[in-house]
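Just so we're clear, the structure is a prediction, and the values are computed from it rather than from any experiment. Chain identifiers are assigned alphabetically (A, B, ...) following the order of the sequence lines, protein sequences preceding nucleic acid strands; residue numbering begins at 1 within each chain.
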There are 2 protein chains.
Amino acid sequence: MGNPDQTIAERIREGIRDFTASERRAGLALLSHYPMAGLETVAEFAARAGVSAPSVLRFVARLGHASYPDFQRALRDELEAQLKTPLMKASHETSAPPQDRLGRFAAAMVANVADTFAHLPPQEFDAVAALLADPRRKLHLVGGRFTDAIARYAASHLRILRPGVAHLAGQVEHWRDHLLDLGRRDVLVVFDIRRYQENIVTLATEAAGRGATIVLVTDQWLSPVSRVAGHVLSARIEAPSNWDSTVAMLALTEALVAAVTERLWPSAKGRIEEIERLRGLA
Amino acid sequence: MGNPDQTIAERIREGIRDFTASERRAGLALLSHYPMAGLETVAEFAARAGVSAPSVLRFVARLGHASYPDFQRALRDELEAQLKTPLMKASHETSAPPQDRLGRFAAAMVANVADTFAHLPPQEFDAVAALLADPRRKLHLVGGRFTDAIARYAASHLRILRPGVAHLAGQVEHWRDHLLDLGRRDVLVVFDIRRYQENIVTLATEAAGRGATIVLVTDQWLSPVSRVAGHVLSARIEAPSNWDSTVAMLALTEALVAAVTERLWPSAKGRIEEIERLRGLA
DNA sequence: TCCCATCTGAAATCAGTATTCCAGAATTGA
DNA sequence: TCAATTCTGGAATACTGATTTCAGATGGGA
């Protein structure tokens with residue numbers, strides 16, 4: 001299969017000295033029509049390179065591929081990885097890309113996610129991940145009008161990874177009961193964006209007063225909860241729409257979940273298997 | 001074969017309405033993995049799309065190609081023309097592939113969102129937006145284990161914009177009651193990704209049987225719900241993590257909400273003001 | 001409800017392609 | 001110049017993958 005960290009083109013350039021004459025011709029033909037020539041049939045490729053089919057196969061074998069289809073698969077994978085780069089998007093959209101609303105919306109989303117990660121303080125991120133991965137801490141998650149979906153989403157993942165995860169759902173009245181239990185060992189994760197909700201601020205302030213650690217995930221203008229928060233992470237939420245976008249905030253949340261997953265993996269692995277088993281029973 | 005001035009992707013998007021169900025699945029599979037899926041063998045392509053090999057061939061024939069190899073040649077030519085221009089450069093200088101996990105995660109998120117919008121068939125998107133904005137239709141939203149948060153999120157926005165929006169929450173048992181009310185005038189919006197949930201498929205199938213229109217928002221591999229869906233939108237969900245990412249799906253959903261908002265704005269404006277007023281009272 | 005038209009995929013068939021073999025050509029070194 | 005070695009491509013072979021067929025499934029209309 002060859003070294004997967006190297007493109008096929010690189011391997012050809014590197015090894016071309018040691019090739020036989022017809023292998024070299026095949027290699028040059030491929031490089032000069034890269035990578036399409038390699039996606040043709042052996043016969044076509046051979047004709048293009050001016051060599052025989054067997055020579056092409058020897059060339060492919062020399063590059064370390066088990067068979068011609070295997071070689072083509074590698075080329076396709078390589079190409080696909082290349083096409084993944086977002087630059088490609090522009091060339092795909094034939095007509096007036098920045099004009100249409102959908103395109104503008106897409107561009108804004110992409111920018112939000114990119115900016116959010118670009119401005120993320122790694123220490124802060126790691127500190128939060130460590131906190132969420134600490135099994136001695138109890139976690140409580142709560143969100144506002146629209147961000148509650150993210151709180152819920154995070155909770156549903158974290159609950160799988162570790163015990164002691166609660167989502168403060170719906171009714172504000174229930175929160176009071178929860179408050180009673182919040183203390184030094186508790187972490188309250190608050191999701192709150194623009195048009196910050198008063199009751200959320202009150203809850204966080206009260207919880208902080210009782211000694212709980214507050215983690216705030218908010219927008220770039222920072223919810224007032226930041227006053228009492230031990231850790232603050234912010235995400236970009238602007239969109240060409242009447243609504244704010246929580247896409248970047250979800251991306252940030254997923255990144256946190258991924259980091260926590262990694263930290264907890266030894267213990268979480270068995271836990272997940274057990275959960276799968278129980279789900280199977282249901 | 002076919003009109004040479006049009007890309008194959010365009011022809012698919014344009015004609016997809018008139019395709020048969022399995023041709024449509026093939027088309028969607030190709031669009032969501034464009035154009036690599038089409039460079040695979042018929043069998044691989046068929047497996048990816050979840051249809052049989054003959055269906056893929058009928059799909060290719062419908063696009064106006066004389067044979068599968070002819071179709072592949074067209075794809076290659078198209079791709080070659082694209083590669084000729086801008087991004088050869090960018091792909092070669094893969095400078096600084098972010099080694100750190102957070103950077104890789106961020107890059108994947110950005111790519112997911114970009115790809116999702118790049119491969120989104122605009123007609124399909126518009127059709128869904130129109131459906132969701134039709135006040136004569138009742139909307140019912142439901143999601144799976146992790147996607148339910150998105151269903152809920154979408155519902156909370158749509159509910160503000162228009163009447164007749166229901167979120168099928170939690171308990172599977174409650175769904176049954178709901179099913180009774182689903183008929184020709186109803187739209188069931190289903191969010192379902194990898195490790196597709198059986199009960200969701202059952203629900204959608206049953207709802208479709210009762211004449212409801214099914215809108216499916218799924219991943220690039222298409223939930224089995226696509227069999228009964230009137231409209232399918234797919235989002236990229238792969239992430240360098242143990243979990244799949246729903247970021248792009250949320251982005252897609254927000255784009256839909258934005259489109260619906262725009263369509264309904266004249267009527268929604270007053271509605272929102274009224275809601276604000278009521279919230280003020282509480 | 002039944003019928004007709006349409007669609008779909010399993011299996012059989014067929015075509016074309018990769019692969020192998022080997023004889024002869026080219027190259028090398030003495 | 002001559003052998004030894006390496007390389008090369010024509011032709012036979014073995015597969016794999018495209019294509020066709022057809023029976024059954026599906027859906028829509030009377």
S.K.: Check step by step if side chain to side chain contact (heavy atoms under 4.5 Å, CB included) holds for L30(A) and F59(A).
M.R.: CA-CA 11 Å; L30(A) 178 54; F59(A) 160 70; 4.3 Å; yes
S.K.: Here's a test for you: under side-chain contact (heavy atoms from CB on, under 4.5 Å), which of V56(A), L63(A), L39(A), L57(A) qualifies with F71(A)?
M.R.: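 So the option named by the test is L63(A).
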S.K.: Any salt bridge (Lys or Arg N to Asp or Glu O under 4.0 Å) involving residues 243-266 of chain B? Give me the pairs, sequence neighbours left out, ordered by first then second residue.
M.R.: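 Applying salt bridge (Lys or Arg N to Asp or Glu O under 4.0 Å) to every pair that reaches into residues 243-266 of chain B, excluding sequence neighbours, yields R101(A)-E262(B), R194(B)-D244(B).
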S.K.: D186(B): what forms a side chain to side chain contact (heavy atoms under 4.5 Å, CB included) with it, not counting sequence neighbours?
M.R.: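 With sequence neighbours excluded, D186(B) shows a side chain to side chain contact (heavy atoms under 4.5 Å, CB included) to K138(B), H140(B), L182(B), A212(B), given in chain and number order.
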S.K.: Distances under 3.5 Å only, N/O to N/O: pair up the protein atoms with those of nucleotides 6-8 of chain C.
M.R.:
from	atom 1	to	atom 2	distance (Å)
dT8(C)	OP1	A21(B)	N	3.3
dT8(C)	OP1	S22(B)	N	2.9
dT8(C)	OP1	S22(B)	OG	3.2
dT8(C)	OP2	T20(B)	OG1	2.5
dT8(C)	OP2	S22(B)	OG	2.9
dT8(C)	O5'	S22(B)	OG	3.3

S.K.: Can you name the salt bridge (Lys or Arg N to Asp or Glu O under 4.0 Å) partners of R24(A), sequence neighbours left out?
M.R.: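 Counting only residues at least two positions away or on another chain, R24(A) forms no salt bridge (Lys or Arg N to Asp or Glu O under 4.0 Å).
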S.K.: Residues in salt bridge (Lys or Arg N to Asp or Glu O under 4.0 Å) with R210(B), at least two apart?
M.R.: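 Partners of R210(B) by the salt bridge (Lys or Arg N to Asp or Glu O under 4.0 Å) criterion, ordered by chain and then number, come out as E206(B).
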S.K.: What does the inter-axis angle of the helix from dT1(C)-dA30(D) to dA30(C)-dT1(D) come out as, five pairs per end, nearest 10 degrees?
M.R.: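 Its terminal axes enclose an angle near 30°.
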S.K.: Under the rule for side chain to side chain contact (heavy atoms under 4.5 Å, CB included), what residues qualify as partners of A29(A), not counting sequence neighbours?
M.R.: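 A29(A) satisfies side chain to side chain contact (heavy atoms under 4.5 Å, CB included) with F45(A), A49(A) once adjacent residues are dropped.
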S.K.: Output a table of nitrogen or oxygen pairs between the protein and nucleotides 14-19 of chain D separated by less than 3.5 Å.
M.R.:
from	atom 1	to	atom 2	distance (Å)
dA18(D)	OP1	V42(B)	N	3.0
dA18(D)	OP2	V42(B)	N	3.0
dT19(D)	OP1	Y68(B)	N	3.4
dT19(D)	OP2	Y68(B)	N	3.2

S.K.: List for me each residue that meets ring-ring contact (aromatic ring centres under 6.0 Å, His included) alongside Y153(A), sequence neighbours excluded, and say none if there are none.
M.R.: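 Applying ring-ring contact (aromatic ring centres under 6.0 Å, His included) to Y153(A) gives H157(A).
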S.K.: Using a 4.0 Å cut-off on heavy atoms, which residues in residues 203-210 of chain B reach DNA chain D? List them by number, or say none.
M.R.: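 Nothing qualifies; none.
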S.K.: Name all residues meeting the side chain to side chain contact (heavy atoms under 4.5 Å, CB included) criterion together with R58(B); count only those two or more places apart in sequence or in a different chain, and write none if there are none.
M.R.: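 Side chain to side chain contact (heavy atoms under 4.5 Å, CB included) check on R58(B) returns E23(B), P54(B), S55(B).
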S.K.: Are R152(B) and D148(B) ion-paired here, with the side-chain N under 4.0 Å from a carboxylate O?
M.R.: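 Salt bridge: yes.
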S.K.: Quick one: list whatever passes side chain to side chain contact (heavy atoms under 4.5 Å, CB included) with R145(B), sequence neighbours left out.
M.R.: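 Listed in chain order: I160(A), I275(A), E276(A), R279(A), Q197(B).
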S.K.: Decide yes or no for H33(A) and E40(A): does some side-chain heavy atom of the first lie under 4.5 Å from some side-chain heavy atom of the second?
M.R.: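 H33(A) does not reach E40(A) side chain to side chain.
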